[in-house]
Student: 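Before I ask anything, here is the structure I am working with.
Here is how names work: the chains are called A, B, and so on, in the same order as the sequence lines, proteins then strands, and each is numbered from 1.
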There are 2 protein chains.
Amino acid sequence: MARKSVSQVLSALERVGGFASAQELYQSMQRGGGKIGLTTVYRSLQTLVEEETVDLLRREDGEAIYRLCGEAHHHHLICKKCGRTVEIEGGAIENWAKRIASVHGFRDVGHTAEIFGTCSRC
Amino acid sequence: MARKSVSQVLSALERVGGFASAQELYQSMQRGGGKIGLTTVYRSLQTLVEEETVDLLRREDGEAIYRLCGEAHHHHLICKKCGRTVEIEGGAIENWAKRIASVHGFRDVGHTAEIFGTCSRC
DNA sequence: AGTGGAAATGACAATCATTTTCATATTCGA
DNA sequence: TCGAATATGAAAATGATTGTCATTTCCACT
């Protein structure tokens, strides 16, 4: 149960836009003059996830990324060619996910969704 | 561009029920008397993912799991605890993806969507 | 059948995120 | 203030995945 370090990590997360990996957070805090250790960053993130202050997601390569809860949940539209991404409101998806999950008796449900294609510029 | 190893890996995947990590596949093949190397298992899986014969998903700890995918386009409902998966018809999603893509001028669109939670048994 | 070169293979080392270990530092209540 | 409980972080361990490179297999063409 860290206390100080947890809030340090939390504000670092806010500073970077509420979306980063443990390693990125660590580096960001180092650059900012912080004296926190990598181990503590991991431990603090674990605490934050347990108390449901942040969400734990996964990048495509499996690296863990942490997101502040309460951030608007959204999805991405990604261009296969140039990598341009557009953030999308996902109301329809949320409902779909909830409905499917409850039909099959699943609880504590989350979801991922991405659309990819070729954008008008490419 | 393997050929033999790729099909070996493929049938190993079938044998285990079309759902396993690279390490598990490797061990399973070893036990079955196969002489394939771990490196080659990884390469073959990569090939299979590229040619879209198998899906690449992630377990909760970030480990990659590979899954045979039939031609029918569908989505998955995955249990975080036991890994049980349910295939889902995705009509609603297809429309959502198409609509969003066209609004933003994207062509050749594909998408991914997964729902994960805790199943009734866990 | 023989050969030359490209592609495939696998043992091993390297990488990278994450976790453990363990010794030290800090906190907090009595 | 003393001491136990907890927090911290450096370094080592772990485990999946990827890179390296020497060897082997495969083929097309003699």
Side-chain angles (χ1 to χ4, degrees), chain A residues 1-13 16-68 110 112, chain B residues 1-13 16 18-68 78 80-83 114 116:
Chain A
M1 277 137 155
R3 177 72 95 336
K4 206 167 107 201
S5 61
V6 168
S7 55
Q8 281 181 150
V9 169
L10 194 51
S11 56
L13 245 185
V16 300
F19 205 110
S21 74
Q23 309 276 344
E24 288 164 358
L25 279 174
Y26 172 63
Q27 284 168 33
S28 147
M29 294 171 83
Q30 293 278 296
R31 278 194 302 270
K35 292 182 183 58
I36 198 170
L38 180 56
T39 311
T40 305
V41 172
Y42 274 104
R43 270 193 294 243
S44 302
L45 284 169
Q46 220 169 282
T47 302
L48 287 165
V49 168
E50 272 159 22
E51 66 184 33
E52 300 186 350
T53 305
V54 309
D55 274 346
L56 170 55
L57 308 177
R58 295 270 163 196
R59 277 210 238 278
E60 199 146 343
D61 65 352
E63 186 180 358
I65 52 180
Y66 300 85
R67 181 182 69 184
L68 276 177
T112 63
Chain B
M1 286 126 142
R3 174 71 133 309
K4 208 170 103 201
S5 63
V6 168
S7 53
Q8 282 181 147
V9 169
L10 195 50
S11 54
L13 245 184
V16 301
F19 195 72
S21 72
Q23 310 274 344
E24 287 164 357
L25 279 174
Y26 172 63
Q27 285 168 32
S28 149
M29 294 172 84
Q30 292 279 297
R31 279 194 301 270
K35 291 182 182 56
I36 198 171
L38 180 56
T39 312
T40 306
V41 172
Y42 274 104
R43 272 192 295 242
S44 303
L45 285 169
Q46 222 168 279
T47 302
L48 287 165
V49 168
E50 272 160 22
E51 66 183 33
E52 300 185 352
T53 305
V54 309
D55 275 345
L56 171 54
L57 308 177
R58 294 267 165 199
R59 275 209 238 279
E60 202 160 341
D61 66 352
E63 186 180 0
I65 53 183
Y66 301 85
R67 187 180 208 285
L68 275 178
I78 306 166
K80 288 191 257 195
K81 299 262 172 73
C82 68
E114 271 161 35
F116 43 90

Student: Any side-chain N or O of Thr40(A) below 4.0 angstrom from OP1/OP2 of dT8(D)?
Tutor: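 Indeed not, no polar side-chain atom of Thr40(A) lies that close.
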Student: What pattern of brackets, bars and dots sums up DNA chain C from 5' to 3', given Watson-Crick or G-U wobble pairs under 3.5 Å, [ ] for crossing pairs and | for another strand?
Tutor: ||||||||||||||||||||||||||||||
Student: Apply side-chain contact (heavy atoms from CB on, under 4.5 Å) to Tyr66(A) and Leu56(A), showing your working.
Tutor: CA-CA 5 Å; Tyr66(A) 300 85; Leu56(A) 170 55; 3.8 Å; yes
Student: Does the side chain of Met29(A) come within less than 4.5 Å of Val9(A)'s, by heavy atoms?
Tutor: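 They are in contact (side-chain heavy atoms under 4.5 Å apart), so the answer is yes.
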Student: Please list, chain by chain and in numerical order, all residues satisfying side-chain contact (heavy atoms from CB on, under 4.5 Å) with Ser11(A), sequence neighbours excluded.
Tutor: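 By the side-chain contact (heavy atoms from CB on, under 4.5 Å) rule, Ser11(A) matches Glu14(A), Arg15(A).
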Student: Output the rounded distance in Å from NZ (Lys4(B)) to P (dC27(D)).
Tutor: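 Computing the Lys4(B):NZ to dC27(D):P distance gives 10 Å.
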Student: Specify the closest pair of heavy atoms between Leu13(A) and Ala20(A), including all atoms of both residues, with the distance to one decimal.
Tutor: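 So the two residues come closest at CD2-N, 4.1 Å.
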Student: If the condition is side-chain hydrogen bond (donor to acceptor under 3.5 Å, both in side chains), which residues does Tyr26(B) pass it with, not counting sequence neighbours?
Tutor: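 Here no residue qualifies.
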Student: Below 4.0 angstrom, which residues in residues 27-36 of chain A have at least one non-hydrogen atom near DNA chain C?
Tutor: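 Heavy-atom cutoff 4.0 Å gives no residues at all.
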Student: Please answer whether the main-chain N or O of Ile36(B) pairs with a side-chain N or O of Gln30(B) as donor and acceptor at a distance below 3.5 Å.
Tutor: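 Answer holds: yes.
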Student: Please name all residues satisfying side-chain hydrogen bond (donor to acceptor under 3.5 Å, both in side chains) with Gln23(B), sequence neighbours left out, ordered by chain then number.
Tutor: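 Applying side-chain hydrogen bond (donor to acceptor under 3.5 Å, both in side chains) to Gln23(B) gives Tyr42(B).
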Student: Reading nucleotides 15-20 of chain D from the 5' end, what letters show protein touch, with B for base, S for backbone sugar-phosphate only, - for no heavy atom under 4.0 Å?
Tutor: -SBBB-
Student: Mind checking what makes salt bridge (charged side-chain N to carboxylate O under 4.0 Å, His left out) contact with Arg59(A), not counting sequence neighbours?
Tutor: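 Only Glu24(A), Glu63(A) meet the salt bridge (charged side-chain N to carboxylate O under 4.0 Å, His left out) criterion with Arg59(A).
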Student: With sequence neighbours left out, what residues match Glu51(B) under side-chain hydrogen bond (donor to acceptor under 3.5 Å, both in side chains)?
Tutor: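 For Glu51(B) the side-chain hydrogen bond (donor to acceptor under 3.5 Å, both in side chains) partners, ignoring immediate neighbours, are Thr53(B).
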Student: Separation of Glu60(A) atom CD from dA17(C) atom C1', in whole Å?
Tutor: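 Whole-Å distance recorded here is 17 Å.
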Student: Would you list the pairs meeting salt bridge (charged side-chain N to carboxylate O under 4.0 Å, His left out) in which at least one residue belongs to residues 32-50 of chain B, sequence neighbours left out?
Tutor: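 Matches after skipping sequence neighbours: none remain.
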